[in-house]
2 protein chains.
Amino acid sequence: MRIALLGGTGDIGEGLALRWAYDTDHEILIGSRDPEKARAKAEEYETELDSRGRERTVKGFDNEMAADRAGVVVLAVPAYHIGDVVESIADVVDEDTILVSPAVGMSRDDDGMHYNPPSIGSVTELVQRRAPDEVPVVGAFHNLAADRLANLDVEFDLDTLVVGDDGDARGLVADLGAEIEGLRVLDAGPAANAAEAESVTPLVINIAMNNDDMHDVGVRYL
Amino acid sequence: MRIALLGGTGDIGEGLALRWAYDTDHEILIGSRDPEKARAKAEEYETELDSRGRERTVKGFDNEMAADRAGVVVLAVPAYHIGDVVESIADVVDEDTILVSPAVGMSRDDDGMHYNPPSIGSVTELVQRRAPDEVPVVGAFHNLAADRLANLDVEFDLDTLVVGDDGDARGLVADLGAEIEGLRVLDAGPAANAAEAESVTPLVINIAMNNDDMHDVGVRYL
């Protein structure tokens with residue numbers, strides 16, 4: 001499988017790129033608005049993987065070229081920006097491309113972090129609306145502990161959720177997620193359930209802010 | 001400490017009553033609109049505890065009398081009903097009474113369970129608005145696995161969150177929670193952060209509905 005990580009130069013994109021490249025044989029493409037930046041990051045990831053005895057090719061492209069080449073496109077970009085990114089790749093995705101939305105709309109004030117979804121109810125549903133009708137959309141990888149995910153020295157042992165209306169696409173993304181060692185993927189149902197999954201992200205940030213030794217906290221459902 | 005569980009005949013009230021009575025020496029009062037029902041349940045809990053070698057007195061009252069006698073009042077009643085319950089006890093609570101709100105506004109449709117808070121933003125904030133100004137309000141115990149909590153045969157190993165604007169009250173409720181064996185209490189900050197804590201309840205129900213062997217699922221933040 002070829003997986004494109006748009007925004008693959010950011011923290012969650014970096015973690016998914018490194019883990020998939022390290023734990024699986026899927027081909028990893030890094031996308032960015034700036035293809036130079038994407039190529040530099042891809043090279044950095046290759047060096048990091050190489051230093052751990054894992055010789056992998058990671059390629060960098062602009063977002064559209066990365067999306068064009070991939071079967072699964074992870075939109076690892078900020079929520080306020082994701083609609084534009086979806087439109088920028090609309091011509092190169094079709095019913096055989098799965099769009100994955102890990103973004104969460106949040107706002108911060110003196111009390112802490114708050115879930116602040118787009119008016120349609122969730123970022124996952126926003127992506128669904130902005131994407132061409134035939135393209136399946138899956139919300140996933142919302143509240144991974146980003147620092148731990150991107151640090152291959154750390155043994156991972158957390159859960160993530162998938163939501164989406166296309167059961168096959170949801171299953172495929174769940175399987176891809178589960179190939180990352182220590183990551184368990186749970187199904188949270190249709191896209192209408194995305195808000196509850198997404199809002200765990202501001203919650204874990206509030207937990208990190210209000211408790212000792214909980215920096216970069218993740219979730220296990222048990 | 002004397003703890004009143006209004007709605008202590010329901011599942012989350014039952015779990016908290018049994019666990020606190022079993023694990024601590026706090027005095028447990030069961031409240032219900034119907035004092036007969038409260039007394040019957042209190043007796044049932046006593047019998048259950050007695051059968052496990054824990055001789056405890058649990059008393060049942062109508063809600064107002066239970067609240068009047070207690071320093072901590074847990075409003076273990078449905079979200080749509082909680083405002084009325086708060087008003088029914090307004091005359092007997094004061095700045096020395098902590099109100100604890102474990103309720104969550106939810107709606108269900110074909111997709112699953114959805115967070116459906118009151119317009120003020122969360123049930124915790126609703127309780128705060130409806131309670132007399134001087135009474136501290138803490139949101140807590142929202143997404144405990146109710147069946148496991150109420151089953152003393154089960155070793156408990158889950159997290160719960162406290163939210164509220166009064167730091168002392170939040171700390172006291174956190175300490176009370178942590179006296180239940182296997183329950184870890186994390187601080188999620190002021191009442192403005194309650195929505196994110198409450199919305200974990202519909203999420204875990206969706207997870208239970210969409211995955212095998214996840215009935216009565218709880219959460220650990222790690």
Side-chain angles (χ1 to χ4, degrees), chain A residues 104 106-117 121-122 125 142-143 145 148 157-159 161-165 167 170-171 174 184-214 216-222, chain B residues 104 106-117 121-122 142-143 145 148 156-159 161-165 167 170-171 174 184-214 216-222:
Chain A
V104 174
M106 295 189 282
S107 58
R108 190 178 186 138
D109 64 18
D110 288 347
D111 292 315
M113 201 62 105
H114 306 291
Y115 185 48
N116 187 15
S122 66
E125 288 159 296
H142 299 103
N143 27 74
R148 280 190 274 169
D157 192 17
L158 292 174
D159 290 343
L161 304 169
V162 290
V163 286
D165 291 338
R170 216 162 73 213
R184 184 176 64 159
V185 186
L186 296 171
D187 189 343
N193 300 347
E196 288 77 15
E198 293 178 4
S199 68
V200 175
T201 302
L203 176 65
V204 293
I205 296 170
N206 289 335
I207 291 172
M209 285 167 58
N210 287 284
N211 299 273
D212 294 333
D213 305 319
M214 302 282 295
D216 200 38
V217 62
V219 185
R220 289 277 284 169
Y221 301 92
L222 29 87
Chain B
V104 174
M106 295 188 281
S107 57
R108 191 178 187 138
D109 63 19
D110 288 346
D111 292 315
M113 200 62 106
H114 307 290
Y115 185 48
N116 188 14
S122 66
H142 298 104
N143 26 73
R148 279 189 275 170
F156 210 69
D157 191 16
L158 291 174
D159 291 342
L161 304 169
V162 290
V163 285
D165 289 338
R170 215 161 74 213
R184 184 176 65 159
V185 186
L186 296 171
D187 188 343
N193 300 347
E196 287 78 14
E198 293 177 4
S199 68
V200 175
T201 303
L203 177 64
V204 293
I205 296 171
N206 289 334
I207 291 173
M209 284 167 57
N210 286 283
N211 299 274
D212 295 332
D213 304 319
M214 302 283 293
D216 199 38
V217 62
V219 184
R220 290 278 284 170
Y221 301 92
L222 32 86

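Each chain gets a letter, A, B and so on, in the order its sequence line appears, and its residues count up from 1. What's counted below: heavy atoms across the whole structure, side chains too, no hydrogens, waters or symmetry copies. This one's a predicted model, so the numbers in the text were calculated from it and none came from an experiment.
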Applying the side-chain contact (heavy atoms from CB on, under 4.5 Å) criterion to L186(B), which one of V217(A), N211(A), L203(A), V204(A) satisfies it?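 Of the listed options, the one satisfying the test is N211(A).
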
Hey, which of D110(B), D216(B), L222(B) has the most heavy atom pairs under 4.5 Å with chain A?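 Between D110(B), D216(B), L222(B), the count favours L222(B).
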
Taking every heavy-atom pair that is under 4.5 Å apart, which of S199(B), G189(B), G218(B) has the most such pairs with chain A? G218(B)

Closest contact, heavy atoms only, P202(A) versus E196(B):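 Reported closest heavy-atom pair: CG-CG, 3.8 Å.
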
E198(B): side chain to side chain donor-acceptor pair (under 3.5 Å) partners, not counting sequence neighbours: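 Checked E198(B) against side chain to side chain donor-acceptor pair (under 3.5 Å); matches are Y115(B), T124(B).
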
Ranking D109(A), V200(A), V163(A), L161(A) by heavy-atom pairs under 4.5 Å to chain B gives rank one to L161(A)

Side chain N206(A), main chain A188(B), donor-acceptor under 3.5 Å: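 No; judged by distance alone, with no hydrogens or angles, the pair does not exist.
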
Quick check: does any side chain N or O of D111(B) sit under 3.5 Å from a backbone N or O of N193(A), one acting as donor and the other as acceptor?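 Between the backbone of N193(A) and the side chain of D111(B) there is no qualifying donor-acceptor contact (under 3.5 Å).
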
Where on M113(A) is there a heavy atom nearer than 4.5 Å to chain B: the side chain, the backbone, both, or neither?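 Answer is backbone: N, CA, C or O of M113(A) sit under 4.5 Å from chain B.
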
Could you look at A195(A) and say if it's the side chain, the backbone, both or neither that has a heavy atom under 4.5 Å from chain B? neither

For the CZ atom of R220(B) and the CG atom of D157(A), what is their distance to the nearest 0.5 Å?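 Answer rounded to 0.5 Å: 11.5 Å.
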
Among all residues two or more places apart in sequence or in another chain, which pass the salt bridge (charged side-chain N to carboxylate O under 4.0 Å, His left out) test with R184(B)?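 Here the qualifying residues are D159(B).
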
